[in-house]
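Before any comments, here is the structure.
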Amino acid sequence: MSAPPAQARRLTVTDIARMHADGERIAMATAYDYPTASLLDEAGLPMILVGDSLGQVMLGYESTVRVTMDEMLHHTKAVVRGARHALIVGDMPFLSYASPDEALASAGRFLREGGVQAVKIEGGVRSARVIEALVRAGIPVQGHIGLTPQAINAIGKVRVMGKSREAARALLADAFAVQEAGAFSVVLELVPAQLAAAITARLRIPTIGIGAGPDCSGQVQVITDVLGLGDFTPRHARRYASLRETILEAARAYKADVEAGAFPGEAETVRMDDSVLAEVLGRSPLDRETVADESGAGIPLDRDL
Ligand code: KIV
């Protein structure tokens, strides 16, 4: 059996470490479905996150707290089928890693059932024990510090973290705790740019920023923000497309065409041999008796209409 083509090989955390060592900036984005994952893969993104932002952007929840492991797995499987090259990170949902044992069970499902190559866990110092247990079991972990959306009920609201002296010190401690626990990378969410740069300069592992300025080792974005699919764009995001407008325009045009009888047109229509239909419907005098005699009984013929 011949080896698969080089470009089809799935990236691993070792490749991410090599990119970081080579000074390459790492572009990561979320995906929640097959078509988006395959497009991100085709575009060459080395890492895709099946984020629990799934809850808000795909499922209509008000926060990530409602997202379940089963919902994550359902979407993860589609992403893994869609992207054959990128390293896929599964976001461990709220309360799926409260203890090392629970974390092992949840991460095990992500790897075995979902097919991901790594999992992401929110929390620095408070999650170090869990990260360590997973890494010891051979499960690559991406940390996530700064704003941790699963703690929104404790934090109160979405805000930049680490602005005060105490908060900045705590964030540095979180970053080191995640690295020392064995994480292969760490997401810094809503962190002042200077602090994110200082953390990045002090860590061996890559930092992946979202709202953390330009000096992180890489960036991660929620794909619906990048594509302009929502009606709100966070300050840290840049719209690279306006899919909301494109989809609205297309949906309105489709509706108008259906209502006007302009869709489908000849190009979208399949036709059959008229003589075959004439036979079936008893249109030809020769066929009338045959059709009436056979199982056409009960089906109104043209002459009966
Ligand atoms: O769920 C998510 O999309 C995330 C990113 C914001 C990093 O965790």
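Treat the numbers as computed from the prediction; the structure is a model and nothing was measured. First listed ligand is number 1; within each ligand, the first listed atom is number 1.
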Begin with the C-alpha distance, continue with both residues' side-chain angles, and end with the deciding distance and a verdict on side chain to side chain contact (heavy atoms under 4.5 Å, CB included) for I48 and M28.
CA-CA 6 Å; I48 294 177; M28 184 182 198; over 6 Å; no

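- Its side chain outside the 4.5 Å cluster rule for every partner, L248 clusters with none of the Ile, Leu, Val, Met, Phe, Trp and Tyr residues.
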Could you walk me through whether T224 and Y32 pass the side-chain hydrogen bond (donor to acceptor under 3.5 Å, both in side chains) check?
CA-CA 10 Å; T224 48; Y32 317 97; 5.3 Å; no

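- The I210 neighbourhood of ligand 1 comprises atoms 6 (C), with distances under 4.0 Å to a heavy atom of that residue.
- Salt bridge status for R271 with E266: present, with a side-chain N to carboxylate O gap under 4.0 Å.
- Short contacts between ligand 1 and K120, defined as distances under 4.0 Å to a heavy atom of the residue, involve ligand atoms 8 (O).
- With hydrogens and angles ignored, the 3.5 Å screen pairs no side-chain donor or acceptor of D174 with any backbone N or O of I145.
- In the vicinity of H144, heavy-atom distances shorter than 4.0 Å reach the ligand 1 atoms 8 (O).
- Across all non-hydrogen atoms, the minimal contact from S96 to M69 is CB-SD, 4.4 Å.
- For the ring pair (Phe, Tyr, Trp, His ring centres under 6.0 Å) condition, the pairs that include at least one residue of residues 245-276, sequence neighbours left out, are Y254-F263.
- When each atom of ligand 1 is checked for a heavy atom of V222 under 4.0 Å away, the hits are 3 (O).
- Which parts of ligand 1 touch S53 is read off a 4.0 Å heavy-atom cut-off, strictly below it: atoms 1 (O), 2 (C), 3 (O).
- Every atom of ligand 1 is numbered from 1 in the order shown, and the set under 4.0 Å from a heavy atom of E189 is 6 (C).
- Looking at D52 next to ligand 1, an N or O pair under 3.5 Å apart turns up.
- For a threshold of 3.5 Å applied to N or O pairs, the pair formed by D91 and ligand 1 contains at least one separation below that value.
- Of all atoms in ligand 1, listed by their number and element, those nearer than 4.0 Å to a heavy atom of L49 are 2 (C), 4 (C), 5 (C), 7 (C), 8 (O).
- Close approach of ligand 1 to T30 is summarised as follows: ligand atoms under 4.0 Å from at least one heavy atom of the residue are 3 (O).
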